[in-house]
Amino acid sequence: MRHWLMKTEPDAFGIDDLKAKGTAPWDGVRNYQARNHMRDMAVGDRILFYHSSANPSGVAGLAKVARLAYPDPSSWDPQSHYFDPAASPENPRWSMVDVTYVRTLKNFLALERLKAIPELGGMILLQRSRLSVQPVEKEHYDLIAKLGG
DNA sequence: GCCAACGTTGGC
DNA sequence: GCCAACGTTGGC
């Protein structure tokens, strides 16, 4: 089993929204590296659910992969904010997975706090902050889940 | 709202 | 295939 971190803006879709839905598609990823990470996911993989562009930003909860990567229909929907004219049902360019709510952290872990933990120094989040779907080492995942309660 | 970092596009 | 221009992300 692998571990990942996925970013979302809580104003658009936060941990409470996932909790209410139970399982939801992770649509709208339009970055190749992030997409490729989703294509590498297996059902049951664990996810750190990260709130970005938030006040404060940080890890808000835990989720897991519920469905393998499949075409993202918002990519060929002209009404969608995520529309990509180069994508079509015949030639899907973008993928998404479904994710299932696991739990909300009792202790929200703000980015500032994560930065202060030496053991987490190697996290992609802290080095290449823009990547919205990224792999996480098991040790890092476990530590964050433990501190988060 | 600013802006640094970084990804993508397109002319050549 | 280079790289300038441009667009986006995301912390602050």
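So you know, we letter chains A, B, ... as the sequences are listed, proteins then strands, and number each from 1.
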Checklist entry - OP1, OP2 of C:dT8 versus side-chain N and O of A:K7: anything below 4.0 Å? => result no
Checklist entry - Where along residues 45-58 of chain A does a heavy atom fall under 4.0 Å from DNA chain C? => result A:Y50, A:S52, A:S53, A:S57
Item to check | Salt-bridge criterion met for A:D84 and A:R93 (N-O under 4.0 Å) | outcome: yes
Checklist outcome for this item: Here the distance between atom P of C:dT9 and atom OH of A:Y32, to the nearest Å, is 14 Å
Checklist entry - Atom CD of A:E112 and atom P of C:dG10: how far apart are they, to the nearest Å? => result 19 Å
Checklist entry - Just checking, any donor-acceptor pair under 3.5 angstrom between side chains of A:W26 and A:D98? => result no
Checklist entry - Looking at A:L48, A:V133, A:L125, which hits side-chain contact (heavy atoms from CB on, under 4.5 Å) with A:K7? => result A:L125
Checklist entry - Can you tell me how far P of C:dT8 sits from CG of A:N31, to the nearest Å? => result 13 Å
Next on the checklist: Nearest whole Å is fine: how far is B:dT8 P from A:R30 CZ?
Outcome noted: 13 Å
Item to check | Test item: side-chain donor near acceptor, A:R30 and A:S132, under 3.5 Å | outcome: no
Next on the checklist: Checking side-chain polar atoms at under 3.5 Å, does A:D77 have a donor or acceptor matched by the opposite partner on A:Y82?
Outcome noted: no
Next on the checklist: Would you say A:R39 and A:S95 are linked by a side-chain donor-acceptor pair, where the criterion is simply a distance under 3.5 Å?
Outcome noted: yes
Polar-atom pairs under 3.5 Å, protein N or O versus N or O of nucleotides 3-5 of chain B: list them with distances, or write none.
unit_1: B:dA5; atom_1: N3; unit_2: A:R130; atom_2: NH1; d: 3.1

Checklist entry - Whole Å only: how far is the CG atom of A:L5 from the C1' atom of C:dT9? => result 15 Å
Next on the checklist: Could you check whether A:K138 pairs with A:D142 (Lys NZ or Arg NE/NH1/NH2 to Asp/Glu carboxylate O, under 4.0 Å)?
Outcome noted: yes
Checklist entry - Once you round it to whole Å, what is the distance between C1' of B:dT8 and CG of A:D84? => result 12 Å
Checklist outcome for this item: Test side-chain contact (heavy atoms from CB on, under 4.5 Å), reference A:H3, set A:I47, A:V136, A:D45, output is A:V136
Checklist entry - Taking OH from A:Y82 and C1' from C:dT9, how many angstroms apart are they, rounded to a whole number? => result 13 Å
Checklist entry - Can you find a side-chain donor-acceptor pair between A:S57 and A:S52 that sits under 3.5 Å? => result no
Item to check | Value in whole Å for how far the P atom of B:dG7 lies from NE2 of A:H37 | outcome: 11 Å
Next on the checklist: What's the closest nucleotide to the side chain of A:S132 if the choices are B:dT8, C:dC12, C:dG10?
Outcome noted: C:dG10
